[in-house]
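Order of the sequence lines fixes the chain letters, A, B, ..., with proteins taken first and strands second; residue numbering starts at 1 for each chain. Excluded from the calculations below are hydrogen atoms, water molecules and symmetry mates; all remaining heavy atoms, backbone and side chain alike, are included.
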Number of protein chains: 2
Amino acid sequence: MGQMATEPKPASPPLTERQEARRRRILHASAQLASRGGFDAVQMREVAENSQVALGTLYRYFPSKVHLLVATMQDQLQQMHETLRKRPPAAEAPSARVAETLMRAFRALQREPQLADAMLRALTFADRSVSPEVDTVSRLTTAIILDAMRLPGPATAEQLSAVRVIEHTWHSALVTWLSGRASIAQVKIDIEMVCRLIDLTGRA
Amino acid sequence: MGQMATEPKPASPPLTERQEARRRRILHASAQLASRGGFDAVQMREVAENSQVALGTLYRYFPSKVHLLVATMQDQLQQMHETLRKRPPAAEAPSARVAETLMRAFRALQREPQLADAMLRALTFADRSVSPEVDTVSRLTTAIILDAMRLPGPATAEQLSAVRVIEHTWHSALVTWLSGRASIAQVKIDIEMVCRLIDLTGRA
DNA sequence: AGTGGGTCTGAAACTTGTTCTAGATTAGCG
DNA sequence: CGCTAATCTAGAACAAGTTTCAGACCCACT
């Protein structure tokens with residue numbers, strides 16, 4: 001899992017203040033447009049205009065629409081992680097805590113379904129060129145789930161596998177819900193089902 | 001599961017012979033281009049040209065690139081279903097049979113990773129307008145898994161949930177592998193992990 | 001065989017992601 | 001301050017998915 005900075009990513013060149021502000025304006029415009037019309041409504045020209053940045057500059061900060069939306073997701077996940085840290089899940093069993101956490105996150109996304117749609121579509125559509133960024137999102141998600149498990153020691157290989165499976169299910173169930181092919185009830189059932197895997201994996 | 005025709009779907013207007021041939025040419029060209037360069041290599045103009053059909057006609061048959069690729073996936077899955085029917089998995093436990101089936105399917109896709117990439121990306125990128133077609137793919141996958149389970153009677157709600165979770169994991173793991181963020185070994189482990197859910201669900 | 005409606009063709013037009021270019025601005029530095 | 005390289009801007013240009021349109025063609029029915 002490499003470096004574990006509290007907030008910023010690699011920080012290759014330390015951005016100036018104005019640059020940081022630009023980056024933030026772009027992400028804000030992206031999230032705002034996404035909240036309205038979802039993936040399709042995030043049009044690069046419009047993002048550039050709304051964040052008062054030239055199109056070329058937008059592309060310098062985020063080399064593609066998918067990069068932009070995945071970065072937006074990083075941003076949102078980070079916030080969610082903070083929120084969850086403040087009010088951690090209360091349930092007894094680890095599996096129940098994970099299920100609770102994921103359903104809570106799910107409800108948060110429900111409030112902005114279009115934004116969720118844009119971010120998830122970008123995430124699953126991303127090709128190899130976006131792997132590093134997608135990986136960051138994945139690590140964030142993993143961290144959220146592991147937090148909810150509150151393991152005494154480091155996770156076993158088996159547990160990590162279970163976490164990956166939970167992550168897969170979480171993403172895929174979300175996509176299915178967003179495209180109207182599954183109800184919220186079904187998502188809940190499936191999340192609870194996959195969380196049972198946690199009970200199967202021990203310290204062994 | 002509604003109608004269970006042996007091959008064709010709804011068949012709203014019964015296509016003429018020439019039309020059936022056109023459709024087949026289009027799907028063939030699509031799969032061929034996808035096998036080369038993946039999603040991006042499937043260019044509508046080229047598909048049209050290669051299948052000797054006007055662009056407008058291509059769009060009459062498949063209203064978007066995503067529709068086309070999802071239909072391609074239906075086609076491939078159908079073939080895979082046939083193949084699997086001929087040589088069903090041999091393992092003892094239902095969960096092992098499902099894992100074996102999925103890994104066999106996985107290896108088949110490995111042989112044409114670019115094609116798999118194109119189909120999977122289209123599938124997960126599909127929006128609501130493609131829901132019916134995506135649903136068909138989902139039902140096919142479900143059928144394949146249920147076949148492997150060889151249940152004595154009809155599946156319980158719990159079992160269907162487990163199957164959905166397995167499907168989610170299968171898709172998502174595949175995507176992760178295709179984008180180079182997971183090894184084949186990891187996919188195998190995760191598939192086997194999620195298949196354990198089957199052992200947890202009984203007739204209840 | 002004749003005819004009417006749906007289908008197919010070829011080509012242009014439109015949309016939106018992405019790239020490119022020339023000139024203005026900015027940041028860091030002597 | 002004055003220079004230089006990097007960055008930013010405005011806008012054109014390009015690429016590929018999608019739409020549109022006029023005319024040719026095919027099919028079923030009389």
Applying salt bridge (charged side-chain N to carboxylate O under 4.0 Å, His left out), which residue pairs with at least one partner in [range] are found, sequence neighbours left out?
| range | result |
| --- | --- |
| residues 95-104 of chain B | E100(B)-R104(B) |
| residues 173-186 of chain B | D135(A)-R181(B) |
| residues 119-129 of chain A | D117(A)-R121(A) |

Using the ring pair (Phe, Tyr, Trp, His ring centres under 6.0 Å) criterion, which residues pair with F39(A)? Sequence neighbours excluded.
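Checked F39(A) against ring pair (Phe, Tyr, Trp, His ring centres under 6.0 Å); matches are F125(B).
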
Residues two or more places apart in sequence or in another chain: which of them pass ring pair (Phe, Tyr, Trp, His ring centres under 6.0 Å) with Y59(B)?
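Listed in chain order: nothing, the list is empty.
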
Would you say dC8(C) has OP1 or OP2 under 4.0 Å from some side-chain N or O of Q52(B)?
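No, Q52(B) has no side-chain N/O under 4.0 Å of OP1/OP2 on dC8(C).
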
Nucleotide [N], atom [atom2] - distance to [atom1] of [X] in whole Å:
| X | N | atom1 | atom2 | result |
| --- | --- | --- | --- | --- |
| E49(B) | dC8(C) | CD | P | 19 Å |
| R23(A) | dC8(D) | CZ | P | 13 Å |
| F125(A) | dG17(D) | CZ | C1' | 12 Å |
| I26(A) | dT9(D) | CD1 | C1' | 13 Å |

Answer yes or no: is there a donor N or O on one side and an acceptor on the other, between the side chain of S51(B) and the main chain of H28(B), under 3.5 Å?
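The answer is no, because no donor-acceptor pair under 3.5 Å joins these two groups.
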
Would you check if the side chain of T57(B) reaches a backbone N or O of V53(B) as a donor-acceptor pair within less than 3.5 Å?
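No; judged by distance alone, with no hydrogens or angles, the pair does not exist.
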
Do the side chains of [X] and [Y] get close enough for a salt bridge, i.e. N-O under 4.0 angstrom?
| X | Y | result |
| --- | --- | --- |
| R196(B) | E192(B) | no |
| E46(B) | R36(B) | no |
| K86(B) | E82(B) | no |

Set of side chain to side chain contact (heavy atoms under 4.5 Å, CB included) partners for Q52(A), sequence neighbours left out
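So Q52(A) forms a side chain to side chain contact (heavy atoms under 4.5 Å, CB included) with R25(A).
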
Which residues pass the side chain to side chain contact (heavy atoms under 4.5 Å, CB included) test with D199(B), not counting sequence neighbours?
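D199(B): side chain to side chain contact (heavy atoms under 4.5 Å, CB included) contacts with S95(B).
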
Using a cutoff of under 3.5 Å, can you pull out all pairs of nitrogen or oxygen atoms linking the protein to nucleotides 22-24 of chain C, with atom names and distances?
none

Do any pairs count as a ring pair (Phe, Tyr, Trp, His ring centres under 6.0 Å) and have a residue in residues 140-170 of chain B, sequence neighbours left out, and if so which ones?
none

Would you mind building the protein contact string for nucleotides 22-30 of chain D? One character per nucleotide, 5' to 3', B for base within reach (heavy atoms under 4.0 Å), S for sugar-phosphate only, - for untouched.
-----S---

Would you tabulate the pairs of protein nitrogen or oxygen atoms and nucleotide nitrogen or oxygen atoms of nucleotides 13-16 of chain D closer than 3.5 angstrom?
from, atom 1, to, atom 2, distance (Å)
dA16(D), OP1, Q43(B), NE2, 3.1

Within residues 56-64 of chain A, find the residues that approach DNA chain C with a heavy atom at under 4.0 Å, and present them sorted by residue number.
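Result for residues 56-64 of chain A: Y59(A), S64(A), sorted by number.
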
